[in-house]
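Read the structure below first, then the notes.
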Amino acid sequence: MKKTILILAIVSLLVLTACNQQTTNQSTEEAPTTSAPVEFRDFGPEPFVLDIEAYTLQNEKYRQSIWTGTYMQMTVMNILPGEDIGLEMHPDIDQFIRVEAGSGIVRMGDSEDNLNFEKRVEDDFAVFVPAGKWHNLVNDSDKPLKIYSIYAPVEHPHGTVHATQEEGFEAHDH
């Protein structure tokens with residue numbers, strides 16, 4: 001009987017050690033990276049599949065369109081520390097914003113001077129902006145805010161590239 005208990009204890013110890021070793025090996029494996037270079041251009045309106053995280057994280061321009069169709073558009077943005085998207089309102093466009101890296105403050109409201117909705121956002125947050133809402137996203141951190149935005153219907157001309165915030169604001173004013 002003592003021999004059976006001893007064997008069971010040794011087998012249990014070996015199984016626990018093996019499980020622990022497997023967990024340790026899994027946690028030290030390198031996480032998949034999105035470092036493969038991507039081609040920045042507007043691929044719409046053709047069918048297109050992309051690693052959206054890679055495009056968003058590798059983008060160094062303030063704004064550029066990646067896919068523009070007839071009824072929808074996807075852009076990537078790199079908002080530098082202290083910059084913002086710019087207070088705006090799209091009367092007939094719903095907008096989806098996804099934060100891939102960085103953090104900031106989203107403000108929305110029914111008028112330019114009544115932004116009564118405010119939320120902090122960071123990696124992996126999604127923002128839904130209904131048509132007709134004034135909104136802004138401000139990077140209040142010391143790191144770039146990397147986002148992608150989906151507009152329905154299209155907001156910017158096919159192939160839009162704004163290298164800087166200033167270019168983006170200038171284009172929006174025209």
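No experiment lies behind these values; they were computed from the predicted model shown.
- Applying the salt bridge (Lys or Arg N to Asp or Glu O under 4.0 Å) test to pairs two or more places apart or on separate chains, those with a residue in residues 60-69 are E60-K146.
- To the nearest 0.5 angstrom, I93 atom CD1 is 13.5 Å from I150 atom CD1.
- Note on ring orientation: taking the six-membered ring where Trp is involved, the planes of F48 and Y55 are perpendicular (angle over 60°, cut-offs 30° and 60°).
- For the side-chain contact (heavy atoms from CB on, under 4.5 Å) with E88, the lone residue among E112, K133, Q95 that qualifies is Q95.
- Counting non-hydrogen atoms of neighbouring residues, nucleotides and ligands closer than 6.0 angstrom, the CD atom of E118 exceeds 12 such neighbours.
- Side chains of M74 and I66 form a contact here, defined as non-hydrogen atoms less than 4.5 Å apart.
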Side chains of residues 121-129: which donor-acceptor partners sit under 3.5 Å, not counting sequence neighbours?
residue: D123; atom: OD1; partner: G102; partner atom: N; Å: 2.9
residue: D124; atom: OD1; partner: R98; partner atom: NH2; Å: 2.9

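- Listed by chain and number, the residues in a side chain to side chain contact (heavy atoms under 4.5 Å, CB included) with L115 are L87, R107, W134 (sequence neighbours excluded).
- Contact between D42 and S65 at its shortest, heavy atoms only, is OD2-OG, 2.9 Å.
- Among V138, I147, V99, the single residue meeting the side-chain contact (heavy atoms from CB on, under 4.5 Å) criterion with I79 is I147.
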H156 vs T68, side-chain contact (heavy atoms from CB on, under 4.5 Å): CA-CA, chis, key distance, verdict: CA-CA 8 Å; H156 304 284; T68 302; over 6 Å; no

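- The minimum heavy-atom distance between Y62 and T164, with the atom names listed, is CB-C, 3.3 Å.
- Nearest heavy-atom pair across W67 and E46 is NE1-O, 2.8 Å.
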